[in-house]
Amino acid sequence: DAMEPTDITLDDPGTTLVLTWPDGTGRLDAELLRRASRAASEIRRQADGIELRLPADLRVEAAEPIGNYALRLVFSDGHHRGIYPWSYLRSLAGLEAA
């Protein structure tokens, strides 16, 4: 399945998530991923117009598989409720839908 990455790695300081698919590689930085969270609390914050202030040293501390369709990312600012489906990660990486 071209939608599921063949490799998932975090760079050493955790500032970049690297996803490799059969048709390309995406490098997504921690800030972009944190701002792209679609967790209910984040959608509510955005709807309320509350600015998200992130620490300069924000990191992705863990990337946990959710079944065979997504990752749950754990960030150094404590956010850990965002589920990132493969298709969403591909779109964030600028890769066409498979």
Side-chain angles (χ1 to χ4, degrees):
D1 184 357
M3 288 298 289
E4 191 170 345
T6 57
D7 189 51
I8 301 165
T9 56
L10 279 172
D11 68 359
D12 198 17
T15 58
T16 306
L17 177 68
V18 182
L19 298 155
T20 304
W21 283 274
D23 63 345
T25 298
R27 299 181 59 82
L28 300 166
D29 71 64
E31 182 178 346
L32 174 107
L33 289 165
R34 178 65 180 83
R35 291 187 185 283
S37 175
R38 297 191 297 189
S41 60
E42 293 304 297
I43 292 168
R44 179 82 237 167
R45 179 191 52 72
Q46 291 168 11
D48 290 345
I50 299 169
E51 182 183 349
L52 176 61
R53 296 184 189 276
L54 297 174
D57 62 348
L58 182 72
R59 298 177 321 285
V60 177
E61 295 186 333
E64 303 167 349
I66 302 292
N68 61 355
Y69 73 93
L71 287 178
R72 181 170 73 92
L73 300 179
V74 177
F75 294 91
S76 59
D77 70 346
H79 184 67
H80 64 278
R81 296 188 181 276
I83 304 293
Y84 296 76
W86 302 136
S87 58
Y88 187 48
L89 290 166
R90 285 179 61 86
S91 71
L92 290 173
L95 295 170
E96 296 295 320

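Computed over heavy atoms, backbone and side chain alike; hydrogens, waters and symmetry mates excluded.
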Please give me the minimum heavy-atom distance between [X] and [Y], naming the atom from each residue.
X	Y	answer
Gly14	Ala30	O-CB, 4.1 Å
Ala39	His79	CB-CE1, 3.8 Å
Thr9	Asp7	CG2-OD2, 3.4 Å
Gly26	Ala93	CA-CB, 3.7 Å

key: Salt bridge Glu31-Arg35, side-chain N to carboxylate O under 4.0 Å   =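 Salt bridge: yes.
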Separation of [Y] [atom2] from [X] [atom1] (nearest 0.5 Å):
X	Y	atom1	atom2	value
Glu4	Ser87	CD	OG	12.5 Å
Thr6	Trp21	OG1	CH2	9.5 Å
Leu19	Thr25	CG	OG1	9.0 Å
Leu95	Met3	CG	CE	10.0 Å

message = So Thr16 and Leu28, do their side chains get closer than 4.5 Å, heavy atoms only?
response =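 No, their side chains stay 4.5 Å or more apart.
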Please list, one pair per line, the donor and acceptor atoms closer than 3.5 Å that link side chains of residues 50-62 to other protein atoms, with sequence neighbours excluded.
unit_1	atom_1	unit_2	atom_2	d
Arg59	NH2	Glu61	OE2	2.7

task = Test salt bridge (charged side-chain N to carboxylate O under 4.0 Å, His left out) on Arg34 and Glu42 and set out the steps.
result = CA-CA 9 Å; Arg34 178 65 180 83; Glu42 293 304 297; 3.0 Å; yes
Please list every donor-acceptor pair under 3.5 Å in which a side-chain atom of residues 68-75 meets a protein atom from a residue at least two apart or in another chain.
unit_1	atom_1	unit_2	atom_2	d
Arg72	NE	Glu64	OE1	3.1
Arg72	NH1	His80	O	2.8
Arg72	NH2	Glu64	OE1	2.3

query = For the hydrophobic clusters of this structure (ILVMFWY residues joined by side-chain heavy atoms under 4.5 Å, transitively), does one cluster hold both Trp86 and Leu10?
reply = yes
task = Check the hydrophobic clustering (I, L, V, M, F, W, Y; side-chain heavy atoms under 4.5 Å; chains of links allowed) and say if Ile8 and Leu32 are grouped together.
result = yes
inquiry  = More than 12 heavy atoms of other residues, nucleotides or ligands under 6.0 Å from CG of Asp48: yes or no?
reply    = yes
request  = Measure from NZ or CZ of Arg38 to the centre of the six-membered ring of Tyr88 and say whether it is under 6.0 Å with the direction within 45° of the ring axis.
outcome  = yes
